[in-house]
**Student:** 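Before we start, here is the structure in question, set down as structure tokens.
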Amino acid sequence: MRVFVTGASGHIGSALIPELLGNGHEVVGLARSDRSAAVLSAAGAEVHRGDLDDLDGLREAAKAADGVVHLAFKHEAMRSGDYLSAIADDLKAIEAMGAGLEGSGKPFVGTGGTLMLALSGIGDRAGTEADVVTGGPRVDAENTIIGFAERDIRSSLIRLSPIVHSSLDHHGFAHTLIGLARDKGVSGYVGGGANRWPAVHTLDAARLYRLALESAPAGSRLHGVADEGVPFRDIAEVIGQRLGLTVKSVDPQDAGGHFGFLGNFVGLDNWTSSAITRQLLAWEPAREGLIDDLTHGHYFDNA
């Protein structure tokens with residue numbers, strides 16, 4: 001299969017390219033810079049120059065491919081506070097690639113997040129793949145991708161854990177939390193810190209994307225979740241221990257001031273199951289969990 005991948009030179013893309021190539025696929029990666037193009041070429045992928053604003057280019061690249069994996073997102077805009085603009089641009093890019101695939105029966109694998117389930121208020125239970133949120137930031141993109149199934153596109157959506165961890169991760173939420181702890185001089189959690197966040201290793205996530213591309217039924221919601229719920233205080237304690245900092249509770253009303261753009265999320269209980277995904281695609285995470293990965297120190301050695 002000839003696969004067009006956005007975000008191909010990023011965190012998960014850097015693991016997905018060898019995963020796809022090693023299983024007999026060809027990769028065409030979107031590159032917006034000379035540096036990204038060089039990284040993709042070195043990894044064995046063909047380069048398509050452009051970005052998420054090049055809607056005509058995205059549509060044509062999707063049309064020319066046998067399938068699409070969409071990983072890219074304007075993370076810089078999100079971190080700077082322009083989250084809604086990044087979301088709107090992501091939806092436009094998705095719709096453009098969907099137009100290129102419409103009527104083909106080809107696969108489109110998109111990316112969402114499990115935190116949207118926590119924001120929807122599903123209650124004191126694990127969120128599942130069967131849970132559907134009707135609308136909202138990033139959820140509109142998720143529902144658009146699922147709706148591609150009605151346009152003869154074999155679409156699937158992977159809700160990723162908020163922390164996708166490994167030595168390949170250089171800018172994710174784990175690094176953000178470590179950076180915040182360094183800046184604030186304490187490793188914080190909200191309230192009692194019993195709220196849970198799921199996590200998944202990068203290599204396990206990359207394998208899930210490949211399996212979804214190859215065989216996920218049209219309209220599938222999937223969960224990229226290995227650790228179903230790590231207590232947030234446990235995460236803060238490991239960070240504090242590695243940095244030699246005090247671990248401290250932050251009042252929920254002060255979460256925005258302490259955690260910045262993550263302030264609306266760090267206190268959420270995001271207990272999430274991936275049982276349906278594991279059964280549907282015979283996907284079983286095989287790599288170490290988040291706490292073990294953090295204790296190895298590569299997140300701190302490279303900080």
**Student:** Looking only at the aromatic ring of each residue, does the gap between the centers of F232 and Y189 stay below 6.0 angstrom?
**Tutor:** no

**Student:** Should the pair D51-K74 be classified as a salt bridge under the 4.0 Å nitrogen-to-oxygen rule?
**Tutor:** no

**Student:** Before giving the answer on side chain to side chain contact (heavy atoms under 4.5 Å, CB included), spell out for R278 and L281 the whole-Å C-alpha distance, their side-chain angles and the decisive distance to 0.1 Å.
**Tutor:** CA-CA 6 Å; R278 297 181 192 218; L281 297 181; over 6 Å; no

**Student:** With hydrophobic residues grouped by side-chain heavy-atom distances under 4.5 Å, do V200 and L71 end up in a single group?
**Tutor:** yes

**Student:** When you compare the side chain of L117 with that of H223, does any pair of heavy atoms fall below 4.5 Å?
**Tutor:** yes

**Student:** Under 3.5 Å, is there a donor on one side chain and an acceptor on the other for S36 and S9?
**Tutor:** yes

**Student:** Could you tell me whether H165 and H201 have their ring centroids closer than 6.0 angstrom?
**Tutor:** yes

**Student:** I'd like to check T246 versus S187 (side-chain heavy atoms, cut-off strictly below 4.5 Å). Are they in contact?
**Tutor:** no

**Student:** Between S220 and S156, is a side chain to side chain donor-acceptor pair (under 3.5 Å) present by the stated rule, with each step listed?
**Tutor:** CA-CA 5 Å; S220 300; S156 58; over 6 Å; no

**Student:** Testing the basics here: between I122 and G127, what is the closest heavy-atom pair and its distance to 0.1 Å?
**Tutor:** CD1-CA, 3.3 Å

**Student:** Do any side-chain atoms of residues 56-69 form donor-acceptor pairs under 3.5 angstrom with protein atoms, and if so which ones, sequence neighbours left out?
**Tutor:**
residue, atom, partner, partner atom, Å
D56, OD1, R59, NH2, 2.4
D66, OD2, R2, N, 2.8

**Student:** Could you tell me whether D124 and R196 make a salt bridge, using a distance below 4.0 angstrom between a side-chain N and a carboxylate O?
**Tutor:** yes

**Student:** Please check if the side chain of T128 supplies one atom and the backbone of S273 the other of a donor-acceptor pair under 3.5 Å.
**Tutor:** no

**Student:** Would you say the side chains of H296 and D301 form a donor-acceptor pair under 3.5 Å?
**Tutor:** no

**Student:** Evaluate the side-chain proximity of S120 to V139: yes if any heavy-atom separation is below 4.5 Å, no if none is.
**Tutor:** no

**Student:** Treating Ile, Leu, Val, Met, Phe, Trp and Tyr as nodes and any side-chain heavy-atom pair under 4.5 angstrom as an edge, say whether V132 and L280 lie in one connected cluster.
**Tutor:** no

**Student:** Between CZ of F173 and CD1 of I178, what distance do you get to the nearest 0.5 Å?
**Tutor:** 13.5 Å

**Student:** Step by step, would you call L290 with V238 a side chain to side chain contact (heavy atoms under 4.5 Å, CB included)?
**Tutor:** CA-CA 10 Å; L290 172 61; V238 173; over 6 Å; no

**Student:** Should N195 and P231 count as side-chain neighbours, where that means a heavy-atom distance under 4.5 Å?
**Tutor:** no

**Student:** Taking all non-hydrogen atoms of both residues, which atom of A72 and which atom of G7 are closest, and how far apart?
**Tutor:** CB-N, 3.5 Å

**Student:** What is the distance from atom CH2 of W197 to atom CG of D234, rounded to the nearest 0.5 Å?
**Tutor:** 14.0 Å

**Student:** Answer yes or no: is there a donor N or O on one side and an acceptor on the other, between the side chain of S161 and the main chain of I163, under 3.5 Å?
**Tutor:** no

**Student:** Counting N and O atoms only, with roles assigned by atom type, does the side chain of R207 sit under 3.5 Å from a partner on the main chain of E284, one being a donor and the other an acceptor?
**Tutor:** yes

**Student:** Treating D227 as the side-chain partner and G289 as the backbone partner, does any N or O pair qualify as donor plus acceptor under 3.5 Å?
**Tutor:** no

**Student:** Counting neighbours of CZ on R35 that are heavy atoms of other residues, nucleotides or ligands and sit closer than 6.0 Å, is the number greater than 12?
**Tutor:** no

**Student:** Any donor-acceptor pair under 3.5 Å linking the side chain of S249 with the backbone of G191?
**Tutor:** yes

**Student:** Check whether any side-chain heavy atom of E129 sits under 4.5 Å from a side-chain heavy atom of S274, and report yes or no.
**Tutor:** yes

**Student:** Any idea which heavy atoms bring V186 and L245 closest together, and the distance?
**Tutor:** N-CD1, 4.2 Å

**Student:** Please report the C-alpha distance between V109 and L213 in whole Å, then the side-chain angles of each, then the deciding distance to 0.1 Å, and finally whether the side chain to side chain contact (heavy atoms under 4.5 Å, CB included) criterion is met.
**Tutor:** CA-CA 6 Å; V109 185; L213 179 80; 4.1 Å; yes

**Student:** Do T272 side-chain atoms and N270 backbone N/O form a donor-acceptor pair below 3.5 Å?
**Tutor:** yes

**Student:** Restricting to non-hydrogen atoms, name the atom on G224 and the atom on L208 that form the minimum distance, rounded to 0.1 Å.
**Tutor:** CA-CD2, 3.6 Å

**Student:** Provide the closest heavy-atom pair for L203 versus A15 in the form atom of the first, atom of the second, distance.
**Tutor:** CD2-CB, 3.8 Å

**Student:** State, yes or no, whether a side-chain contact exists between F265 and L119 at a heavy-atom distance under 4.5 Å.
**Tutor:** yes

**Student:** Roughly how far, to the nearest 0.5 Å, is CE of M1 from CG of L20?
**Tutor:** 9.0 Å

**Student:** So, does D169 use its side chain to make a donor-acceptor pair with the main chain of H171 at under 3.5 Å?
**Tutor:** yes

**Student:** Are any non-hydrogen side-chain atoms of F73 and I87 less than 4.5 angstrom apart?
**Tutor:** yes

**Student:** Please report the interatomic distance CH2(W283) to CG(L211), rounded to the nearest 0.5 Å.
**Tutor:** 9.5 Å

**Student:** Is there a path of hydrophobic side-chain contacts, each under 4.5 Å between heavy atoms of I, L, V, M, F, W or Y residues, that connects L115 with W271?
**Tutor:** no

**Student:** Among E214, R210, E19, which residue satisfies the side chain to side chain donor-acceptor pair (under 3.5 Å) criterion with H25?
**Tutor:** E214

**Student:** Can a salt bridge be assigned to the pair E102 and R151 using a cut-off of 4.0 Å between side-chain N and carboxylate O?
**Tutor:** yes

**Student:** Do the side chain of D269 and the main chain of G229 share a donor and acceptor less than 3.5 angstrom apart?
**Tutor:** no

**Student:** Pairing donors with acceptors under 3.5 angstrom, does anything connect the side chains of N143 and R221?
**Tutor:** yes

**Student:** When the ring planes of F108 and H70 are compared, do they come out parallel, tilted or perpendicular, using 30° and 60° as the limits?
**Tutor:** tilted

**Student:** So, taking the atom named OG1 in T111 and the one named CG in L160, what distance separates them when rounded to the nearest 0.5 Å?
**Tutor:** 5.5 Å

**Student:** Side chains of S167 and Y299: do they bring a donor and an acceptor to under 3.5 Å?
**Tutor:** no

**Student:** Tell me the closest heavy-atom pair linking I17 and A45, and the distance in Å.
**Tutor:** CD1-CB, 4.3 Å

**Student:** May I have the step-by-step check of salt bridge (charged side-chain N to carboxylate O under 4.0 Å, His left out) for R49 and D34, ending in yes or no?
**Tutor:** CA-CA 9 Å; R49 291 302 296 262; D34 291 341; 2.9 Å; yes

**Student:** Hey, are the side chains of V28 and V5 touching, using non-hydrogen atoms and a 4.5 Å cut-off?
**Tutor:** no

**Student:** Do the charged groups of D292 and R287 touch, with an N to O distance under 4.0 Å?
**Tutor:** no

**Student:** Would V27 and F4 count as a side chain to side chain contact (heavy atoms under 4.5 Å, CB included) if you check the C-alpha gap in whole Å, the side-chain angles of each, and the deciding distance to 0.1 Å?
**Tutor:** CA-CA 6 Å; V27 177; F4 177 53; over 6 Å; no

**Student:** Please answer: with hydrophobic residues joined when any side-chain heavy atoms are less than 4.5 Å apart, are L55 and F148 in the same cluster?
**Tutor:** yes

**Student:** Rounded to the nearest 0.5 Å, how far apart are CG of D140 and CD1 of I94?
**Tutor:** 10.0 Å

**Student:** Going through the distances and angles, do H258 and D251 end up as a side chain to side chain donor-acceptor pair (under 3.5 Å)?
**Tutor:** CA-CA 9 Å; H258 185 92; D251 188 286; over 6 Å; no

**Student:** I'd like to know if R159 and E142 make a salt bridge, using a cut-off of under 4.0 Å between side-chain N and carboxylate O.
**Tutor:** yes

**Student:** Looking only at atom types and distance, does a side-chain atom of S104 sit under 3.5 Å from a main-chain N or O of L101, one as donor and one as acceptor?
**Tutor:** yes

**Student:** For residues I12 and L168: do they belong to one hydrophobic cluster (side chain heavy atoms under 4.5 Å, members Ile, Leu, Val, Met, Phe, Trp, Tyr)?
**Tutor:** no

**Student:** Any donor-acceptor pair under 3.5 Å linking the side chain of D254 with the backbone of V250?
**Tutor:** no

